[in-house]
Amino acid sequence: MSKIKDLPDEPPKYLTGTARYMWRRLVPLIKSDPTVNEMDKTMVEAFCINYQMMRTAYDHVIENKAVTAAYKTVVNPVTGEVIGTDFVGYKVNPSVKMLDSASVKLKALGSELGLTPKGRAELLELKLPDPDSKVSTADLIKQALGK
């Protein structure tokens, strides 16, 4: 049976900007966990992409505000001349929803990757099987399930 590869230090070529930066910052931190390997690549990618989306949305909210006033233009139906504008309420910047969504996903992915205090505590509770042990994986699963 072949050994599972480690998570690569270099980010995939399709990650750009902030996502690429986050990969280079994150991977060395999580590689110290012996349970992390190349099979976690998709989850790390999702974390990096959502981080970039969160930052982009945040920058957009800072630049354009979270909420803006909305007006309806009143036009003369005969001449097409603008008669006035009526305030109709406030409109939420769509980037606010994107920021919220990316933050929720980052929290969930971060927990799965052991990046939160709770996630790290749960990972510390995991016991890695002893390679010299004579107990089979099936027996370990039965033990974990209480059978």
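Hydrogens, waters and symmetry mates are skipped; everything else that's a heavy atom, side chains included, is used. Computed from a predicted model, the values in this text were never measured in an experiment.
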(message) Once salt bridge (Lys or Arg N to Asp or Glu O under 4.0 Å) is applied, what residue pairs with a partner in residues 9-30 remain, sequence neighbours excluded?
(response) Asp9-Lys31, Glu10-Arg24
(message) Donor-acceptor check, side chain of Thr56 to backbone of Gln52, threshold 3.5 angstrom: yes or no?
(response) yes
(message) So which atom in Ser95 and which in Val61 form the shortest heavy-atom distance, rounded to 0.1 Å?
(response) CB-CG2, 3.8 Å
(request) Using the rule that two of Ile, Leu, Val, Met, Phe, Trp, Tyr join whenever any of their side-chain heavy atoms come within less than 4.5 Å, decide whether Ile62 and Met53 are in one cluster. (result) yes
(message) Show me the pairs that pass ring-ring contact (aromatic ring centres under 6.0 Å, His included) and involve residues 17-57, at least two apart or across chains.
(response) none
(message) Quick check for you: to the nearest 0.5 Å, what is the distance between Leu106 atom CG and Ile49 atom CD1?
(response) 11.0 Å
(message) So, using side chain to side chain contact (heavy atoms under 4.5 Å, CB included) as the criterion, who are the partners of Ser103 when residues are at least two apart?
(response) Met54, Leu99
(message) Which Ile, Leu, Val, Met, Phe, Trp or Tyr residues join Ile83 in one cluster when any pair of side-chain heavy atoms under 4.5 Å counts as a link?
(response) Val74
(request) Keeping the roles fixed (side chain from Asn93, backbone from Lys65), state whether a donor-acceptor pair exists under 3.5 Å. (result) yes
(request) Mind listing the closest non-hydrogen atom pair of Cys48 and Leu15 along with its distance? (result) CB-CD1, 4.4 Å
(request) Nearest 0.5 Å please: distance from the CG atom of Leu26 over to the CD atom of Glu45. (result) 11.5 Å
(request) Answer yes if Met43 and Ile30 sit in the same cluster of Ile, Leu, Val, Met, Phe, Trp and Tyr residues linked by side chain heavy atoms under 4.5 Å apart, and no otherwise. (result) yes
(message) Does anything in residues 55-74 form a ring-ring contact (aromatic ring centres under 6.0 Å, His included)? List the pairs, not counting sequence neighbours.
(response) Tyr71-Phe87
(message) In this structure, would Leu113 and Leu29 fall into the same cluster of hydrophobic residues linked by side-chain contacts under 4.5 Å?
(response) no
(request) Flag the pair Lys97 / Val92 as yes when at least one side-chain heavy-atom distance between them is below 4.5 Å, and no otherwise. (result) no
(request) Check the hydrophobic clustering (I, L, V, M, F, W, Y; side-chain heavy atoms under 4.5 Å; chains of links allowed) and say if Leu109 and Leu115 are grouped together. (result) yes
(message) Just to verify, what does Asn37 make a side chain to side chain contact (heavy atoms under 4.5 Å, CB included) with, not counting sequence neighbours?
(response) Ile4, Met39, Asp40
